[in-house]
Amino acid sequence: MATHVVIVGGGFAGITAAKNLSSQDFKVTIVDKSNHHLFQPLLYQVATAALSPGDIAVPIRSVFSNQKNVNVVLGRVVSISKKDRVIRLADGDMISFDYLIVATGAKYNYFGNDDWEKNAPGLKSVNDAIRIRERILLSLEEADKIPDVEARKKYLTFVVIGAGPTGVEMAGSIAEIAKRNMMRDYRNFHKNETTVHLVEAAGTVLNGYPESLSDSALNTLTKMGVQVILNSPVEKITGEGVQLKNHFIETPNVIWAAGVGGTSLLDELKDEEKDRSGRVKVNRDMSISSDANIFVLGDAAHFEGKDGKPLPGVAQPAIQQGKFVAKLIKNDLKSMPRGEFKYNDKGMMATIGRAKAVADIKGIKLTGILAWMLWGVIHIFFLIGFRNRFRVFAEWVWHYITFKRGVRLITKKDDSD
Ligand SMILES: Cc1cc2nc3c(=O)[nH]c(=O)nc-3n(C[C@H](O)[C@H](O)[C@H](O)COP(=O)(O)OP(=O)(O)OC[C@H]3O[C@@H](n4cnc5c(N)ncnc54)[C@H](O)[C@@H]3O)c2cc1C
């Protein structure tokens, strides 16, 4: 009988593991709470109205339409029983497993201030991107209606919290919208009235990147008109705005990009040691300490690299771990040794805006348009693996040439007649 591998999460790690278990020796079940695989690196393009959600998400079923040993289940996994070898879904369904791969990604961490979330959404799903896009567009609509410059200021103020790669991308992208063509469609305020703040608790942007790249990113953001506020932990977020140590920024437009943590399913792995963000500290073969046939991969895993630091929460570790564990399971069947996961670091990069990015590829540091082109090619062509990638690439280039922001629909409806 085929060995049953159950994969929770159809993200980069889960999809890669399933693709690499195509042999008929395996029956593979992927369970995901959403029906699509989401290409998160381009989410901010949806949030800032450059791409449509359909450009960056693909139904998980269609990814496996030609791989007959894969069954896709839509549902949220709520518990794991190691003893009985079953997982339970929110609707009560149970699925038994021989091997279990937990690849549930990460969620935003509000450091114990979960009530901040409603006023400062994070960018993690298509819904988040649409919610943020609508907030930005609605805010511009409000500003357009208010004749008094001071009174409309808050609607033209944007605050991004956290200056990691996502925060930097988001702040740069909003600054670009603010200064470019789209604003010309609003007749009653001037584009120079817009302010974008990027707030960071640490003393630098892109913390963890080589210093020269952090400095270059800070310079670029400043030139783009982003007001970067460093060494400034957020004290409170309300519907009125953001309280920092020394001042209050009044705005309804706050975006959270400050920290990520493990998803709630990881709490089910009670015997496992977790790091401060809630990620599971896994063995060198990606299995958990209490069960050799249960693995945690990608953003959900804490795995230390050669430098002793945990691998970054980016797509490459997730993809490589997916491949590694698939091979390991195949080897198990042949009673071959498991070996250890070794991360092949292909470099770090972050986009800041149109033709602006920083990259460190095996010690070679690039900035500006070269780094940006490289980001585009790597992310759109090599990571995406989607059938529509040529169209997405074309749209991306089109935005570069024209500065046009395409998808500016506000879908929140007024249903009354
Ligand atoms: C805005 C943003 C920008 C980014 N930019 C970059 C970038 O430029 N380059 C880069 O390399 N990386 C980038 N990343 C990070 C990258 O997307 C992640 O590191 C990667 O997606 C991790 O893959 P994963 O498989 O671990 O998890 P994910 O891709 O997050 O997939 C997890 C899956 O698990 C599912 N799931 C979660 N809980 C459950 C449950 N209980 N039951 C069922 N299903 C569940 C989710 O629906 C999801 O489909 C970015 C991330 C974000 C949010």
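Note: hydrogens, waters and symmetry copies are ignored here, and every other heavy atom, side chains too, is used. As the structure lists them, so they are numbered: ligands from 1, and atoms in each ligand from 1.
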Checklist entry - D285 and R338: salt bridge (Lys or Arg N to Asp or Glu O under 4.0 Å), yes or no, with the steps? => result CA-CA 7 Å; D285 65 359; R338 285 189 159 191; 3.1 Å; yes
Item to check | CA sep, side-chain torsions, deciding dist, call: V126, H36, side-chain contact (heavy atoms from CB on, under 4.5 Å) | outcome: CA-CA 10 Å; V126 168; H36 52 268; 3.9 Å; yes
Checklist entry - Charged N to carboxylate O under 4.0 angstrom, R279 versus D275? => result yes
Next on the checklist: Less than 4.0 angstrom from a charged side-chain N to a carboxylate O is my criterion; do D345 and K306 meet it?
Outcome noted: no
Looking only at N/O atoms, are [X] and ligand 1 under 3.5 Å apart anywhere?
X: V77; value: yes
X: Y108; value: no
X: K124; value: no
X: A13; value: yes
X: Q316; value: no
X: Y44; value: no
X: L43; value: no
X: F12; value: yes
X: L123; value: no

Could you list which atoms of ligand 1 come closer than 4.0 Å to a heavy atom of [X]?
X: G105; answer: 26 (O), 27 (O), 30 (O), 32 (C)
X: V8; answer: 42 (N), 43 (C)
X: G298; answer: 26 (O)
X: G9; answer: 33 (C), 34 (O), 35 (C)

Close approach of [X] to ligand 1, heavy atoms, under 4.0 angstrom:
X: A103; result: yes
X: P317; result: no
X: P165; result: no

Checklist entry - So which pairs with a foot in residues 285-313 pass ring pair (Phe, Tyr, Trp, His ring centres under 6.0 Å), sequence neighbours left out? => result F303-F341
Checklist entry - Has the side chain of K281 got a donor or acceptor atom that lies under 3.5 Å from a matching backbone atom of A301? => result no
Checklist entry - Would a distance-only check, ignoring hydrogens and angles, find a side-chain to backbone donor-acceptor pair under 3.5 Å from S23 to D25? => result yes
Checklist entry - How far does CG of N69 sit from CD of Q24, to the nearest 0.5 angstrom? => result 5.0 Å
Next on the checklist: Counting C-beta onward and ignoring hydrogens, is there a side-chain heavy-atom pair between S289 and E273 closer than 4.5 Å?
Outcome noted: no
Counting only heavy atoms closer than 4.0 Å, does ligand 1 sit against the backbone of [X], its side chain, both, or neither?
X: L38; value: neither
X: T166; value: side chain
X: W375; value: side chain
X: A318; value: side chain

Checklist entry - Would F248 and V242 satisfy side-chain contact (heavy atoms from CB on, under 4.5 Å), going step by step from the backbone distance to the final call? => result CA-CA 6 Å; F248 182 75; V242 181; 5.7 Å; no
Checklist entry - Considering residues at least two apart in sequence or located in another chain, which fulfil the salt bridge (Lys or Arg N to Asp or Glu O under 4.0 Å) criterion with D115? => result none
Next on the checklist: Under 6.0 Å between ring centres: does that hold for H4 and F26?
Outcome noted: no
